[in-house]
Amino acid sequence: MAQVSLRNVSKIYGGGVVAVQDAALNVESREFLVIVGPSGCGKSTLLRMIAGLEDVSSGQIWIGNKLVNLVPPKDRDIAMVFQNYALYPHMTVFENMAFGLRLRGYGRREIDHRVHEAAGILGIEALLDRKPRELSGGERQRVAVGRAIVRKPLVFLFDEPLSNLDAKMRVQMRTEIRKLHLRLQTTMIYVTHDQTEAMTMSDRIVVMNKAVIQQVADPLTIYDHPANRFVASFIGSPPMNFLRGTIIRVGEQLHFNEGMFRLPIVEEMVARLSAYEEKPVLFGIRPEDIYDKLFVTDAPTDSVVTGNVEVVEPLGAEVYLHLRAGQHALIARVGPHDRPEVNQEIDLVFDMGKTHFFDLDTEAAIV
């Protein structure tokens, strides 16, 4: 298997439109790396440059020990799975999977072995004689993946392969692709706009926004220690709550002052926030770190804030509470039995050990 290395890679289209800016990234051999970000952030362009479908404006792309900037796609030893499956409608499943091998001059026996081997891995052996129009969306996606598997490439590239599937099938295919990676032990780079896919499938996540890589880390590090406000807001559902306020000192203790309430800063955060005393900051807390005081034993009284319930969303295993506290709207993710009435005031407990602070000007995390 092969490493993939991007060394200060940029893509600039005509008119000076920057699609990817100075991307530096190393993908380890056998790693499952997910590139995630909103539409138009440059993630698919980055993948297409690795595949050779887009020229590089500057920088270098290495696959293994080979510089591939000028190497055509067919010679890069990669296989790509597209969003729209890209199956030939007049060919059977077998013929679709075998087509690339035939172009490369493989013999009939080797083609037959590889196609049946891949079909067995994906559970589509019974579909080999069918045409794409006779398949469901999930089955077509398996065929597209199978067409990549038969190549036995150094690197697999996936460009939003599940976006055309319904929610239930996406969950199933997520699991199957992850199991496929564990079985094949090959390098996979997967592009998606869905942060749930990124969190559940990847060894590491690359978060992109506005053509720039914002953070690269394993899923839990991305979630627990976002590098900036964008990463904090993009990863997590519901998204992180953000409150504007000021760091103030009350006696010997630092507090976050929202204007209508204040919250004590825990000891382990004091050192990094002392330089922001009397300065405005952005305070972040995830919905699951806000609790209804009725359901918390021994809640610290100095971390309690009164909120007014505006919307209650029961989701079975959990409930989303949309609230107004002080000058800000908040979302709390609480247990299934915690269902206050709309317009009811409840006491909220903030878990101050799980809060985040961001510079108001740069939006970078204060660490």
Side-chain angles (χ1 to χ4, degrees), residues 8 21-25 36-38 41 195 204-236 238-291 296 299-307 323-333 347-367:
N8 304 108
Q21 181 176 324
D22 204 29
L25 178 66
V36 66
C41 70
Q195 54 97 10
R204 283 192 303 156
I205 296 174
V206 177
V207 183
M208 288 190 70
N209 188 40
K210 297 180 180 177
V212 176
I213 292 176
Q214 304 291 316
Q215 187 172 2
V216 183
D218 65 89
L220 288 181
T221 298
I222 292 275
Y223 192 81
D224 292 333
H225 305 286
N228 54 44
R229 178 180 181 170
F230 173 80
V231 176
S233 63
F234 191 81
I235 300 294
M240 184 181 288
N241 297 293
F242 295 100
L243 297 79
R244 292 174 65 119
T246 307
I247 301 298
I248 64 170
R249 184 173 295 277
V250 180
E252 297 298 317
Q253 175 123 37
L254 286 183
H255 284 70
F256 170 74
N257 181 25
E258 189 263 0
M260 298 180 68
F261 62 83
R262 64 191 187 204
L263 296 163
I265 306 298
V266 295
E267 185 176 348
E268 55 266 29
M269 295 186 183
V270 168
R272 60 175 131 153
L273 290 171
S274 58
Y276 283 82
E277 193 172 328
E278 301 300 330
K279 294 180 181 179
V281 296
L282 197 64
F283 170 96
I285 187 166
R286 294 204 180 273
E288 63 268 26
D289 298 323
I290 302 174
Y291 316 109
V296 180
T301 57
D302 56 0
S303 298
V304 176
V305 173
T306 300
L323 310 119
R324 172 67 59 174
Q327 306 174 73
H328 293 86
L330 301 172
I331 301 176
R333 188 163 72 187
D347 287 333
L348 304 170
V349 179
F350 284 57
D351 187 340
M352 294 302 293
K354 296 181 179 178
T355 55
H356 305 263
F357 291 89
F358 304 91
D359 186 287
L360 204 57
D361 295 324
T362 66
E363 297 193 344
I366 300 171
V367 295

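Values in this document were obtained by computation on a predicted structure and should not be read as measured data. Start at 1 with the first residue, then count along the sequence.
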Next item on the list: Given side chain to side chain contact (heavy atoms under 4.5 Å, CB included), test Val207 with Phe230 step by step and report yes or no.
Entry: CA-CA 9 Å; Val207 183; Phe230 173 80; 3.7 Å; yes
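- Within 6.0 Å of CD in Glu268 there are more than 12 heavy atoms belonging to other residues, nucleotides or ligands.
- Side chain of Arg244 to main chain of Leu360: no donor-acceptor pair is present (N/O by atom type, distance under 3.5 Å, no hydrogens or angles).
- A distance of 4.5 Å separates CD of Glu288 from CZ of Arg333, quoted to the nearest 0.5 Å.
- Considering every non-hydrogen atom in both Met208 and Gln214, the closest pair reads C-CG, 4.2 Å.
- Put simply, the side chain of Gln327 gets close to the backbone of Glu258: a donor and an acceptor are under 3.5 Å apart.
- The structure places CE of Met352 at 8.5 Å from CZ of Phe256, a figure rounded to the nearest 0.5 Å.
- Distance check: Leu323 CG to Thr306 OG1 gives 11.0 Å after rounding to the nearest 0.5 Å.
- Note that the CD atom of Gln195 and the CD1 atom of Ile222 stand 11.5 Å from one another [nearest 0.5 Å].
- Of all heavy-atom pairs between Met269 and Gly353, the closest is CE-O, 4.0 Å.
- With rounding to the nearest 0.5 Å, the separation of CG in Asn241 from OG1 in Thr355 is 12.0 Å.
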Margin query: Val250 vs Arg262, test: side chain to side chain contact (heavy atoms under 4.5 Å, CB included). Steps then yes/no.
Written below: CA-CA 10 Å; Val250 180; Arg262 64 191 187 204; 3.8 Å; yes
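- Around CZ of Arg249, the count of heavy atoms belonging to other residues, nucleotides or ligands within 6.0 Å exceeds 12.
- Closest heavy-atom contact between Leu25 and Val206: CD1-CG2, 3.8 Å.
- Considering all non-hydrogen atoms of both residues, Phe242 and Ser233 come closest at CE1-CB, 3.7 Å.
- In this structure, Phe357 has its ring center closer than 6.0 angstrom to the ring center of Phe283.
- Shortest non-hydrogen contact noted between Ala24 and Ile213 is O-CD1, 4.1 Å.
- The minimum heavy-atom distance linking His356 with Asp224 is given by the pair CE1-O, 3.0 Å.
- Distance check, rounded to the nearest 0.5 Å: CD of Glu277 to CD1 of Ile265 gives 11.0 Å.
- Looking at heavy atoms from C-beta onward, Phe261 lies in side-chain contact with Leu243 at the 4.5 angstrom threshold.
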Check: When you look at Leu254 and Tyr276, which way does the side chain to side chain contact (heavy atoms under 4.5 Å, CB included) test go after all the steps?
Finding: CA-CA 10 Å; Leu254 286 183; Tyr276 283 82; over 6 Å; no
Next item on the list: In sequence, state the C-alpha distance, the side-chain angles, and the governing distance for Glu278 and Ile248, and then conclude on side chain to side chain contact (heavy atoms under 4.5 Å, CB included).
Entry: CA-CA 5 Å; Glu278 301 300 330; Ile248 64 170; 4.2 Å; yes
